[in-house]
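So the structure is just underneath, and the comments pick up after that.
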Amino acid sequence: DQQVKQNSPSLSVQEGRISILNCDYTNSMFDYFLWYKKYPAEGPTFLISISSIKDKNEDGRFTVFLNKSAKHLSLHIVPSQPGDSAVYFCAASDSGSARQLTFGSGTQLTVLP
Amino acid sequence: NAGVTQTPKFRILKIGQSMTLQCAQDMNHNYMYWYRQDPGMGLKLIYYSVGAGITDKGEVPNGYNVSRSTTEDFPLRLELAAPSQTSVYFCASGQGGEQYFGPGTRLTVT
């Protein structure tokens, strides 16, 4: 049973346009959500997070939106750059021991020049 | 700061062999984690630790063991390697918010 789902395995966007990556979750105990970016042969790199007490968090070109009633979050990248091409993972945790993360299966973003 | 380091980067094991994947962090984080990532999948938690001397199972612990004798080090032991353990292994550390990942160990069991 996948508690965190990323239903789009891939997404292609033109440079300069907006990239929107989506994530759905089923566990209502999740209260902290994160996005990670991963390049080939490297470990995931933390990008941005949001607590369930907020519905939006912004950091430069990256904005995460959280819709608790729909159990849905999205990552917006504006403007998209070729260096943003990577796999993006959505992850979630509850307030339990050690804040264990449950990951989605990832979305491969390709930004075309 | 080196962050989270992992050794080796690559390893090929024969079925039934054993090995230890090393992980170290220099950020003085209390929490450390081991994940595995299979092709096309997300990361799955194998084991985690909330501090020296304290470890607990994650989602997929079978076939693995861990120990945490110091804050810095969190080795993962594979006993009797099986083809199903072919994967990329990531170690991470954190303080209860975001986790910081090492570069990974690619393990093949044949």
Side-chain angles (χ1 to χ4, degrees), chain A residues 1-10 21-27 30-54 57 59 62 64 75 86-108, chain B residues 2-10 21 23-25 27 29-52 54-61 66 68 74 87-107:
Chain A
D1 175 33
Q2 272 191 289
Q3 297 188 70
V4 177
K5 294 181 185 179
Q6 294 177 257
N7 291 319
S8 299
S10 62
L21 295 94
N22 293 303
C23 178
D24 297 295
Y25 62 96
T26 58
N27 188 339
F30 289 148
D31 64 357
Y32 186 61
F33 304 88
L34 308 88
W35 285 94
Y36 281 85
K37 175 179 176 179
K38 186 180 180 306
Y39 293 118
E42 294 185 11
T45 302
F46 170 71
L47 204 51
I48 192 169
S49 63
I50 187 167
S51 163
S52 61
I53 62 172
K54 294 185 172 182
N57 189 27
D59 184 1
F62 303 92
V64 56
L75 175 68
V87 177
Y88 288 78
F89 289 99
C90 170
S93 73
D94 59 27
S95 58
S97 182
R99 280 279 177 192
Q100 302 168 46
L101 293 180
T102 301
F103 281 84
S105 54
T107 297
Q108 170 71 58
Chain B
V4 179
T5 57
Q6 292 183 238
T7 56
K9 283 188 169 32
F10 304 94
L21 282 68
C23 173
Q25 54 99 0
M27 297 174 280
H29 287 160
N30 287 325
Y31 301 153
M32 294 188 74
Y33 313 82
W34 274 106
Y35 294 88
R36 60 177 284 172
Q37 186 192 13
D38 298 327
M41 306 288 284
L43 283 71
K44 291 188 185 298
L45 184 65
I46 304 171
Y47 270 96
Y48 66 97
S49 168
V50 299
I54 307 170
T55 63
D56 208 346
K57 296 177 181 178
E59 184 183 356
V60 289
V66 292
R68 183 106 180 263
F74 190 39
S87 191
V88 182
Y89 292 84
F90 292 102
C91 178
S93 72
Q95 284 288 81
E98 62 268 25
Q99 295 177 19
Y100 298 88
F101 284 81
T105 294
R106 183 174 292 276
L107 176 67

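Below, chain A is the first sequence line, B the second, and so on; all start at residue 1. Computation of the quantities below employed the complete heavy-atom set of this structure, encompassing side-chain atoms and omitting hydrogens, waters and symmetry-equivalent molecules.
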Can you tell me which portion of A:A41 sits under 4.5 Å from chain B's heavy atoms? Options are side chain, backbone, both or neither.
backbone
Identify which part of A:L34 has an atom lying under 4.5 Å from any heavy atom of chain B, answering side chain, backbone, both or neither.
side chain
Locate the shortest heavy-atom distance separating B:F90 from A:G43; write the atom from each residue and the value.
CE2-CA, 3.5 Å
Which heavy atom in B:Q37 sits nearest to a heavy atom in A:F89, and how many Å separate them?
NE2-CZ, 3.3 Å
Proximity breakdown for B:L43 and chain A, heavy-atom pairs closer than 4.5 Å
both
The interface call for B:Q95 against chain A, heavy-atom contacts under 4.5 Å, is neither
So, does A:Y32 use its side chain to make a donor-acceptor pair with the main chain of B:G96 at under 3.5 Å?
no
When rounded to the nearest 0.5 angstrom, what is the spacing between [atom1] in [X] and [atom2] in [Y]?
X: A:F103; Y: B:Y35; atom1: CZ; atom2: OH; answer: 5.0 Å
X: B:Y48; Y: A:Q100; atom1: OH; atom2: CD; answer: 4.0 Å
X: B:E98; Y: A:L101; atom1: CD; atom2: CG; answer: 10.0 Å

